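Just so you know, these numbers come straight off a predicted model, no measurement behind them.
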Amino acid sequence: MNTEELKSIGLNEEQIAEVFKLRGKEIQQAKNDYDLLKTENESLKESLNTANEKIEMFKDVDVESIKSEVDKYKDMYEKNTWHYKRHGVQYRYKLYKEESTMKDKKIRIKQVKIKITILILTIEITSE
């Protein structure tokens, strides 16, 4: 739309100036909206890339192996508990050491589960 087109439909100079002023505001608002959407899009892409990188870190985690180790230490704990009750103080140190190792393994499994849950939630939030 230009001045000549507006004159041809019967608008005077003052009306034409007002039309261009209003159109300028619309264009500026559209530019602002575009910039905001562009920034939001870049932020979402960055979040998605970060989430994908974190997922790749857990790709090689063998959760079943960790679970089997926990079961192994649980069995050892139960066995040592039985021996401790039967033989007394001589097993106290061994039992403590095995128990500490088993707790570390359980903590690692919980940490992996928490990290996986966070990643899943991040992906779900990002995909919305």
Side-chain angles (χ1 to χ4, degrees):
M1 154 175 47
N2 61 34
T3 305
E4 296 304 318
E5 291 173 336
L6 293 174
K7 282 183 182 180
S8 71
I9 62 169
L11 296 179
N12 64 33
E13 293 294 326
E14 188 178 307
Q15 291 170 327
I16 292 171
E18 191 62 32
V19 167
F20 282 130
K21 183 179 175 183
L22 292 172
R23 185 65 180 144
K25 287 181 183 179
E26 290 174 349
I27 290 171
Q28 187 57 48
Q29 183 60 45
K31 285 180 181 178
N32 291 343
D33 291 346
Y34 170 78
D35 290 341
L36 179 65
L37 289 172
K38 184 178 177 183
T39 301
E40 186 177 317
N41 185 37
E42 289 170 0
S43 175
L44 290 172
K45 282 181 181 178
E46 186 176 315
S47 295
L48 180 60
N49 286 337
T50 301
N52 285 335
E53 288 172 5
K54 289 185 180 191
I55 288 171
E56 284 297 317
M57 288 177 11
F58 290 102
K59 191 176 186 178
D60 297 328
V61 172
D62 184 6
V63 176
E64 292 304 318
S65 171
I66 294 172
K67 284 181 180 179
S68 73
E69 279 191 59
V70 168
D71 290 339
K72 177 180 125 184
Y73 283 106
K74 182 180 176 185
D75 291 342
M76 289 172 67
Y77 172 79
E78 290 169 357
K79 180 179 177 183
N80 286 333
T81 302
W82 180 81
H83 283 288
Y84 176 74
K85 286 179 182 177
R86 186 164 184 217
H87 299 288
V89 179
Q90 66 186 11
Y91 284 94
R92 180 177 286 175
Y93 175 74
K94 186 176 180 182
L95 177 62
Y96 171 77
K97 188 175 177 181
E98 295 295 329
E99 189 176 75
S100 297
T101 305
M102 187 173 68
K103 285 179 183 177
D104 291 342
K105 297 288 183 177
K106 285 182 180 179
I107 289 171
R108 278 195 261 158
I109 286 175
K110 286 181 183 178
Q111 289 172 340
V112 168
K113 286 180 180 178
I114 289 170
K115 288 179 181 179
I116 289 172
T117 303
I118 290 170
L119 288 173
I120 290 170
L121 291 174
T122 302
I123 290 169
E124 288 175 358
I125 290 170
T126 304
S127 65
E128 292 176 6

What is the distance from atom [atom1] of [X] to atom [atom2] of [Y], rounded to the nearest 0.5 Å?
X	Y	atom1	atom2	value
I9	Q15	CD1	CD	9.0 Å
L48	S43	CG	OG	11.0 Å
I55	T50	CD1	OG1	11.0 Å
K45	N41	NZ	CG	4.5 Å

Between K72 and E69, is there a side-chain N and carboxylate O pair less than 4.0 Å apart?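 Salt bridge between K72 and E69, a charged N being under 4.0 Å from a carboxylate O: no.
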Under 3.5 Å side-chain donor-acceptor pair for D33 and Q29: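 On atom types as modelled, these side chains qualify, holding a pair under 3.5 Å.
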Would you say the side chains of E56 and N52 form a donor-acceptor pair under 3.5 Å?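 Side chains of E56 and N52: no pair found under 3.5 Å.
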What verdict does the side chain to side chain donor-acceptor pair (under 3.5 Å) test give for N32 and Q28, after you've listed the backbone C-alpha separation in whole Å, the side-chain angles of each residue and the deciding distance to 0.1 Å? CA-CA 6 Å; N32 291 343; Q28 187 57 48; 3.1 Å; yes
Give a yes or no on whether E14 atom CD has more than 12 heavy-atom contacts from other residues, nucleotides or ligands under 6.0 Å away.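 Counting other residues, nucleotides and ligands, CD of E14 stays at 12 neighbours or fewer.
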For N12, what residues pass the side chain to side chain donor-acceptor pair (under 3.5 Å) criterion, not counting sequence neighbours?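 Listed in chain order: nothing, the list is empty.
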Shortest non-hydrogen contact from N2 toward F20: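 Nearest pair, atom of N2 first, then F20: C-CZ, 3.9 Å.
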Identify the heavy atoms of T3 and I16 that sit nearest to each other, and give their distance.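 Heavy-atom minimum between the residues: O-CD1, 3.9 Å.
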With side chains defined as the heavy atoms from C-beta onward, is the minimum distance between K67 and E64 less than 4.5 Å?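 SC-SC contact between K67 and E64 confirmed.
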